[in-house]
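Okay, so here's the structure we're looking at.
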Amino acid sequence: MPELPEVETIRRDLEKKIAGQKIKSAGILATKSVHNKSVEFLKFLVGNNFSHIERRGKLLMFALKKVGKYAFMLVHLKMTGQLIYRHKKQILAGGHSQTAMDTTVPNKFTRVIFTFSDGGQLFFNDLRRFGYLKLVSKEEKEKIVKNNFGIEPLTPDYTLEAFEKLFKKRQTNVKALLLNQKLISGIGNIYADEACFDARILPFRKVSSLTKEEIRKLFSVIEHVLKLSIKHRGTTFNNYVDSDGNTGSHISFLNVYGRAGEKCKKCKSIILKNKHAGRGTHYCVKCQK
DNA sequence: GTGTTTGTTATCAA
DNA sequence: CTTGATAACAAACA
């Protein structure tokens, strides 16, 4: 479940490793994972290189050095996608890994492989095959960004004024608002629940019931929890690993997510879990109002 | 065999 | 057109 902090961790690390490296060869092991025709995808990328990597919400956008029909390779990890990089000497005889957390690559969940001129390799693994790689033109990329993403946290876009606007004339609940990428991007189930706990707000409250002060608090804790998680290199709950195949350590800082039935770290009440906005939702009924 | 896990989209309704 | 709620998707695990 890579969300903003996990995807940003991958972006930062991977950019250092592959920027400017010539793509010597590439292979598609699962055509479903590539949203272009295989031959065209491979033809356009081999001999090209990634100049830098951008991110919007949970979407990675690899900028291509040689621009033609296409200018970017979009990568969405969805629930179980991984991008693992290995230097030449790290590459072992793989292919026998039977679990998604065994980061020997390639393994049975490897869907796409890039090999660079220096011998390094990038592996796109995806157990559930929800994720994808897609070549798009500059215009398509801009259209996708414009149409699908709301306020981006950790950028100058993220202002209290813009955030407050989201709460005006809306009938939905707080959890659904936070998960809606078209309103605010990058937050998934883990950080939605954590942000609500940190702001002491029950996630199923109608957004219209929040006071100005509660909105302000939510605004500030979102920024805080995302930054803190990036510092911890993300949350590994199930499947997430960074581009070295290592887990993130933020899980031990989670207050509610994944802690149903356990004691609240603040007040010792039992953390509850119910379904809201179609997702498992964790909260402390004593700390959150 | 059943229920659960989630990011996103499709679909339907108001 | 906008908003919102829900199902669907995939695959593994308890």
Side-chain angles (χ1 to χ4, degrees), chain A residues 1-8 10 29-35 55-61 74-83 97-103 107-112 124-134 136 140 143-150 152-153 165-196 203-209 226 229 234-241 248 250-251 254 256-261 271-282:
Chain A
M1 302 153 281
E3 304 178 29
L4 189 154
E6 292 77 32
V7 178
E8 178 63 11
I10 291 171
L29 287 71
T31 53
K32 185 180 188 294
S33 299
V34 174
H35 288 191
R55 179 189 58 75
R56 191 73 162 81
K58 304 165 194 169
L59 181 67
L60 288 169
M61 303 175 286
L74 308 185
V75 178
H76 204 302
L77 302 172
K78 292 286 181 87
M79 292 174 63
T80 58
Q82 301 173 329
L83 283 167
S97 304
Q98 294 299 310
T99 70
M101 286 305 286
D102 181 346
T103 56
N107 62 34
K108 66 182 291 199
F109 306 116
T110 301
R111 311 302 182 196
V112 182
F124 174 69
N125 297 343
D126 189 17
L127 183 151
R128 296 186 201 178
R129 304 180 201 231
F130 272 19
Y132 63 85
L133 280 59
K134 183 183 189 182
V136 294
E140 282 178 276
K143 194 174 159 191
I144 287 167
V145 167
K146 180 171 170 284
N147 293 339
N148 296 286
F149 298 94
E152 182 70 34
K165 263 191 191 166
L166 304 180
F167 292 76
K168 295 246 163 47
K169 286 188 273 183
R170 272 222 159 71
Q171 294 306 310
T172 191
N173 60 47
V174 178
K175 174 98 180 205
L177 184 148
L178 294 179
L179 290 177
N180 188 337
Q181 303 299 301
K182 291 185 174 155
L183 301 179
I184 176 168
S185 42
I187 298 173
N189 210 28
I190 297 174
Y191 300 104
D193 284 0
E194 291 301 311
C196 285
F204 41 85
R205 291 256 307 274
K206 289 281 176 192
V207 299
S208 56
S209 76
L226 295 177
S229 181
T235 302
T236 297
F237 199 82
N238 287 326
N239 194 247
Y240 165 74
V241 289
H250 190 71
I251 188 169
L254 296 180
V256 285
Y257 184 86
R259 300 193 68 249
I271 301 297
L272 301 183
K273 180 182 177 185
N274 294 106
K275 195 169 252 196
H276 292 283
R279 294 290 173 254
T281 300
H282 314 69

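Each chain gets a letter, A, B and so on, in the order its sequence line appears, and its residues count up from 1.
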Check every atom of [options] against the side chain of [X] and return the nucleotide holding the closest atom.
| X | options | result |
| --- | --- | --- |
| Q171(A) | dG7(B), dA11(C), dG4(C) | dG4(C) |
| K206(A) | dA10(C), dA5(C), dT5(B) | dA5(C) |
| N189(A) | dG7(B), dA12(C), dA5(C) | dG7(B) |

* Return the set of residues passing ring-ring contact (aromatic ring centres under 6.0 Å, His included) with Y191(A) (not counting sequence neighbours), or none when no residue passes. =>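 Result, ring-ring contact (aromatic ring centres under 6.0 Å, His included) vs Y191(A): none returned.
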Excluding sequence neighbours, so at least two apart, what forms side-chain hydrogen bond (donor to acceptor under 3.5 Å, both in side chains) with [X]?
| X | answer |
| --- | --- |
| S185(A) | R56(A), E152(A) |
| N274(A) | Y283(A) |
| R259(A) | E262(A) |
| D193(A) | K175(A), H282(A) |

Quick one: [X] [atom1] to [N] [atom2], roughly how many Å, whole number?
| X | N | atom1 | atom2 | result |
| --- | --- | --- | --- | --- |
| L178(A) | dG4(C) | CG | P | 13 Å |
| K108(A) | dA10(C) | NZ | C1' | 14 Å |
| M1(A) | dT4(B) | CE | C1' | 12 Å |
| N239(A) | dC13(C) | CG | P | 11 Å |
| K273(A) | dT4(B) | NZ | P | 9 Å |
| F109(A) | dA12(C) | CZ | C1' | 8 Å |

* Do L183(A) and R170(A) touch side chain to side chain, with heavy atoms closer than 4.5 Å? ->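 The answer is yes; the side chains approach within 4.5 Å.
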* Asked: Are T172(A) and dA5(C) close enough that a side-chain N or O sits under 4.0 Å from OP1 or OP2?
  ->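 For T172(A), the contact criterion (side-chain N or O under 4.0 Å from OP1 or OP2 of dA5(C)) is met.
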* Asked: Taking atom types as they are modelled, is there a donor-acceptor pair under 3.5 Å from the base of dT5(B) to the side chain of R128(A)?
  ->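 Result: at least one qualifying N/O pair found.
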For nucleotides 8-13 of chain B, list the nitrogen or oxygen atoms of the protein found under 3.5 Å from its nitrogen or oxygen atoms, one pair per line.
from   : atom 1 : to      : atom 2 : distance (Å)
dT8(B) : OP1    : H76(A)  : NE2    : 2.1
dT8(B) : OP2    : K58(A)  : NZ     : 3.1
dT8(B) : O4     : R279(A) : NH2    : 2.8

* To do: Name the nucleic acid region contacted by G131(A), choosing base, sugar-phosphate or nothing; use a 4.0 angstrom heavy-atom cut-off, strictly under.
  =>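 The residue G131(A) makes no contact with any strand.
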